[in-house]
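Beneath this line is the structure, given in structure tokens, with notes to follow.
As the structure lists them, so they are numbered: ligands from 1, and atoms in each ligand from 1.
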Amino acid sequence: MIQLYIPLNFLGVIYREIKQSLADMERLFSLLDQNREVGDAPDARTLLTHGATVKFSHVDFSYESKRQILFDVDFTIAAGSTTAVVGHSGSGKSTLSRLLYRFYEVNGGAITIDGQDLRSLTQASLRHAIGIVPQDTVLFNDSIEYNIAYGRPGASKEEIVAAARAASIHDFIESLPDGYASLVGERGLKLSGGEKQRVAIARTLLKNPAILIFDEATSALDSKAEQAIQAELKEISRSRTTMVIAHRLSTVADADQILVLDHGRIVERGTHQALLAAEGLYAQMWERQQAKGDDDLASPAPAAA
Ligand code: ATP
């Protein structure tokens, strides 16, 4: 009994930590299928997408009953468009992506994809439709080929190479002594933050999801790597409904819509130019960063007056 309990408990801890970081959620769900908190309704249906319009309607949410995190969050990501979410650290940005992936159930309001309430859908079909490029991709202790193919088990070598090319990591892989067979992960080759994100992008390209969640890395990549990742993001988000949890202004400027979150509420929304013209919180964040020469959008909120 004890022997059984400890590993399950341990998995629970890992589960919570990974859930928190958005890292490798897909892998985790296949491992811990029975352990998830949000299950399928008895009459759950398969998600059918046609363009994948994502709608948050008056969403309220708390992790714990005493502390509400999101208040009346209401927005639409039109099919195929990109919405960036910005705001101070702790404002609730990642919580939005966790709710879209249905790690948690909303407490009020609803989230729909093409009009279908997430609560009425099977988790498997929802997660099949969503691809995630997390901040920090955890690699398996296996070959780089396996790590990319994980996006779609059964993919052919040609498809894997095409995805790696599109994610601009093919030349790097070819330069390794063992090429695609090179071992990566903790016990293999250590990849840089940018290389790991490209592996995640290649995985996502193979998976070919209708909806993409991109959790931008907070850790600084050098500006060349950063620009390259931006270009690849643009490529994979083309014709996909995309939510970017943004930490840098450079990502945000091109988005079709920017949501500015403050203490769990959307306080401003619009394009980069419109928000600058509005001279509100977004314009302040922008000015502060220009002054500091700092591109990080997610600095802590100023202390309340
Ligand atoms: P950052 O830019 O620092 O990543 P964020 O805007 O993404 O921040 P969230 O991670 O969405 O912020 O967190 C919003 C709030 O919810 C924070 O106050 C955080 O402490 C709280 N929170 C996050 N996860 C949990 C949890 N599992 N249980 C309780 N509270 C949580």
Side-chain angles (χ1 to χ4, degrees), residues 9 11-25 28-29 32 35-38 54 56 59-75 77 82-109 111 118 130 132-138 193 197 200 212-221 226 242-252 255 257-269 275 281-282 284-286 288-289 292 294-304:
N9 193 32
L11 282 177
V13 171
I14 297 180
Y15 169 74
R16 280 189 294 279
E17 282 184 2
I18 295 193
K19 190 155 90 162
Q20 195 64 17
S21 69
L22 263 192
D24 281 332
M25 297 199 272
L28 199 77
F29 273 103
L32 292 176
N35 204 24
R36 55 189 187 208
E37 289 159 25
V38 178
V54 169
F56 278 58
V59 167
D60 293 322
F61 176 71
S62 335
Y63 291 99
E64 295 150 351
S65 55
K66 285 198 192 110
R67 190 168 158 241
Q68 193 167 338
I69 300 294
L70 295 178
F71 300 82
D72 197 26
V73 168
D74 200 87
F75 67 92
I77 312 180
T82 295
T83 288
V85 186
V86 304
H88 293 299
S89 179
S91 57
K93 303 181 295 293
S94 304
T95 302
L96 292 183
S97 58
R98 290 181 203 127
L99 292 178
L100 178 56
Y101 207 68
R102 205 168 160 234
F103 260 138
Y104 300 93
E105 213 81 280
V106 299
N107 300 118
I111 303 173
L118 299 196
I130 301 179
I132 297 171
V133 178
Q135 272 197 26
D136 192 15
T137 301
V138 182
Q197 244 186 359
L212 179 70
I213 298 174
F214 183 79
D215 195 359
E216 192 176 49
T218 39
S219 53
L221 299 176
E226 181 62 45
T242 304
M243 178 191 275
V244 182
I245 310 299
H247 299 283
R248 289 187 186 80
L249 291 172
S250 43
T251 325
V252 171
Q257 165 177 246
I258 299 165
L259 305 176
V260 183
L261 271 189
D262 189 25
H263 296 96
R265 295 175 202 272
I266 297 179
V267 292
E268 291 172 24
R269 68 182 78 203
L275 289 174
L281 181 59
Y282 182 83
Q284 281 169 24
M285 290 162 84
W286 165 266
R288 204 180 56 233
Q289 285 171 31
K292 280 200 304 184
D294 175 2
D295 203 26
D296 183 6
L297 273 173
S299 51

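For Ser91, the side chain to side chain contact (heavy atoms under 4.5 Å, CB included) test picks out Lys93, Leu261, with sequence neighbours left out. Here Phe75 pairs with Phe56 under the ring pair (Phe, Tyr, Trp, His ring centres under 6.0 Å) rule; sequence neighbours left out.
Where the criterion is an N or O separation shorter than 3.5 Å, residue side chain and backbone included, Lys93 meets it with respect to ligand 1. Close N/O approach between Gly90 and ligand 1 is found [any backbone or side-chain N/O within under 3.5 Å].
Shown in contact with His88 at under 4.0 Å from a heavy atom are these atoms of ligand 1, numbered in order with element: 6 (O). Every atom of ligand 1 is numbered from 1 in the order shown, and the set under 4.0 Å from a heavy atom of Thr95 is 9 (P), 11 (O), 13 (O), 14 (C). Interface of Ser91 with ligand 1, defined as ligand atoms under 4.0 Å from a residue heavy atom, comprises 6 (O), 12 (O). For ligand 1 and Ile69, the ligand atoms under 4.0 Å from any heavy atom of the residue are 14 (C), 15 (C), 16 (O), 21 (C).
Shown here for Asp74 and Ile266, the closest heavy-atom pair between the two residues is O-CD1, 3.9 Å.
Using 4.0 Å as the threshold, Gly87 has no heavy atom nearer than that to any atom of ligand 1.
Put simply, the side chain of Glu268 gets close to the backbone of Leu281: a donor and an acceptor are under 3.5 Å apart.
You'll find the side chain of Arg269 reaches within 4.5 Å of the side chain of Leu259, heavy atoms only. Looking only at side-chain heavy atoms (C-beta outward), Leu99 and Leu70 come within less than 4.5 Å of each other.
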